[in-house]
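Treat the numbers as computed from the prediction; the structure is a model and nothing was measured.
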Amino acid sequence: MEKKYTIVIGPHHKLWSVDLKEIWRYRDLIQLFVKRNIVVQYKQTVLGPLWYIIQPVLTVIMNMVVFGGIAKMSTDSIPQPLFYMAGNICWFYFSDCLNQTSSTFISNQAMFGKVYFPRLVVPIATVLSNLLRFGIQVALFVVLYLYFFVKGAPIQPNWYILLTPIFVVMLAGLGLGFGILVSSMTTKYRDLTILFTFIVQLWMYGTPIVYPLSMVPEGTLRTFILANPMTSIIEAFKYATLGQGFFSWWALGYSFVFMSILLVLGVVVFNKVQRSFMDTV
């Protein structure tokens, strides 16, 4: 009898070779990875998912003490807790996606060596699982927002708030793109992991999270900060929700194009590395 195969596994002949249909066929596996990431992260912890709330609250308090109290940095008349929370929840989601996907090959090398499935399933599941944490922190932001709104704080939401899903997609795309690119490079050069962790920490201070872009004078420094693709996203989110910040369609377009190119480059390098990954590690 003639043998028939439902799935044929073969080598990729092109660097840009993303079989979206294959990834869709493994959607159940993506769901399992998402559940695994959520459960494992706070397994055997006392507070569990409460850390999703504790982390941003403690971070905002520290920002208020250091940058608002000691450094006396302006928040453009926005209440400090609200201003810092708006920037931090965006940065947390981006950095979580980046840091966790950047260890894709190293963290899953045992599983990758035993069974076949599209390797991009793992970083995609990481980005999706981080949405839970982001959603909880957004809910905390909304509660804080309503509190200050009722108190009469000078916050002015506008119709740009409808662009929030696009902002989230761009944050996820940047985190995924940088993450799989770093993951591909660190399979051979492990010290790059330490270097990039340090770069991400510095990157946060190059992004207007604890300070408004309006306090940066025109010149080289402002141009450098605007070249950061995260700047326009976080500033646009603040403008949409708080009514204060920098909003520019050109800047958002730049970040979107940057994200698109980064994803293509990341997938190309990722596909190239996965062919000989097991021989390298």
Side-chain angles (χ1 to χ4, degrees), residues 55-56 58-60 62-64 66-68 71 73-75 83-104 106 123 126-127 130-131 133-134 137 141 166-186 189-217 219-239 245-248 251-266 269-270:
Q55 181 187 11
L58 293 180
T59 303
V60 167
M62 184 60 66
N63 291 157
M64 292 172 61
V66 177
F67 299 103
M73 286 187 175
S74 170
T75 58
F83 179 86
Y84 295 135
M85 181 68 74
N88 278 316
I89 60 175
C90 294
W91 179 261
F92 284 155
Y93 179 60
F94 163 74
S95 62
D96 285 343
C97 292
L98 193 159
N99 290 327
Q100 293 174 24
T101 56
S102 64
S103 59
T104 296
I106 305 301
T126 299
V127 170
N130 283 328
L131 282 175
R133 179 176 183 173
F134 179 72
Q137 293 177 353
F141 173 74
I166 298 178
F167 300 154
V168 176
V169 170
M170 293 173 68
L171 291 172
L174 286 172
L176 178 62
F178 276 114
I180 60 178
L181 189 60
V182 173
S183 178
S184 302
M185 294 188 295
T186 53
Y189 306 103
R190 300 294 179 88
D191 52 348
L192 288 178
T193 304
I194 302 174
L195 174 63
F196 202 78
T197 301
F198 179 65
I199 291 176
V200 171
Q201 293 175 352
L202 295 180
W203 191 351
M204 184 183 70
Y205 294 105
T207 307
I209 298 173
V210 296
Y211 58 88
L213 186 64
S214 59
M215 71 174 293
V216 182
T220 305
L221 180 58
R222 186 181 179 91
T223 302
F224 177 77
I225 292 178
L226 285 173
N228 175 3
M230 286 292 296
T231 295
S232 62
I233 302 174
I234 291 180
E235 281 290 303
F237 179 75
K238 289 181 180 178
Y239 181 82
F246 171 79
F247 185 92
S248 169
L252 280 176
Y254 159 75
S255 295
F256 186 83
V257 171
F258 188 100
M259 177 204 69
S260 302
I261 296 175
L262 178 66
L263 279 175
V264 172
L265 178 62
V269 177
F270 192 89

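- In this structure, the side chains of Cys90 and Ile234 come closer than 4.5 Å at one or more pairs of heavy atoms.
- Heavy atoms of other residues, nucleotides or ligands lying less than 6.0 angstrom from CZ of Phe247 number more than 12.
- Side-chain atoms of Phe258 and Leu174, non-hydrogen and from C-beta on, do get closer than 4.5 Å to each other.
- Within the model, atoms OG of Ser183 and CD of Gln100 stand 12.5 Å from one another, a figure rounded to the nearest 0.5 Å.
- Taking both residues in full, the closest heavy atoms of Met170 and Ile233 are given as CB-CD1, 3.7 Å, listed atom of the first, atom of the second, then distance.
- Contacts classified as salt bridge (Lys or Arg N to Asp or Glu O under 4.0 Å) and involving residues 94-104 (residues at least two apart or in different chains) are given here: Asp96-Arg133.
- Tyr239 places no side-chain N or O within donor-acceptor distance of the main-chain N or O of Ser248, the cut-off being under 3.5 Å.
- The shortest distance between side-chain heavy atoms of Thr75 and Phe67 does not fall below 4.5 Å.
- A heavy-atom distance below 4.5 Å is found between the side chains of Leu252 and Phe167.
- Closest heavy-atom contact between Gly206 and Asn228: O-ND2, 3.4 Å.
- Across all their heavy atoms, Lys238 and Tyr211 have their closest contact at NZ-O, 4.2 Å.
- In this structure, Pro229 and Met259 have side chains that are not in contact, with every pair of non-hydrogen atoms separated by 4.5 Å or more.
- Taking every heavy atom of both residues into account, Ala172 and Val127 meet most closely at CB-CG1, 3.6 Å.
- Thr101 and Cys97 get closest at one heavy-atom pair: OG1-O, 2.5 Å.
- For the atom pair Ser255 OG and Leu262 CG, the distance stands at 11.5 Å (nearest 0.5 Å).
- Side-chain contact between Ser102 and Phe196: absent, with no pair of heavy atoms (C-beta onward) separated by less than 4.5 Å.
- A distance of 11.5 Å separates CE of Met230 from CE of Met204, quoted to the nearest 0.5 Å.
- Considering Phe178, Phe224, Phe198 as possible partners of Trp203, the one that fulfils the ring-ring contact (aromatic ring centres under 6.0 Å, His included) test is Phe178.
- To the nearest 0.5 Å, atom CG of residue Leu98 and atom CG of residue Asn130 are 11.0 Å apart.
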Determine whether Trp91 and Leu171 satisfy the following criterion, side chain to side chain contact (heavy atoms under 4.5 Å, CB included), listing intermediate values before the conclusion.
CA-CA 8 Å; Trp91 179 261; Leu171 291 172; over 6 Å; no
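- Among Thr220, Ile225, Leu226, the single residue meeting the side chain to side chain contact (heavy atoms under 4.5 Å, CB included) criterion with Arg222 is Leu226.
- Rounding to the nearest 0.5 Å places CD1 of Ile89 at 11.0 Å from CD1 of Ile209.
- Atom CE of Met85 and atom CZ of Phe92 lie 8.5 Å apart (nearest 0.5 Å).
- When all heavy atoms of Pro123 and Leu176 are compared, the closest pair comes out as CB-CD1, 3.6 Å.
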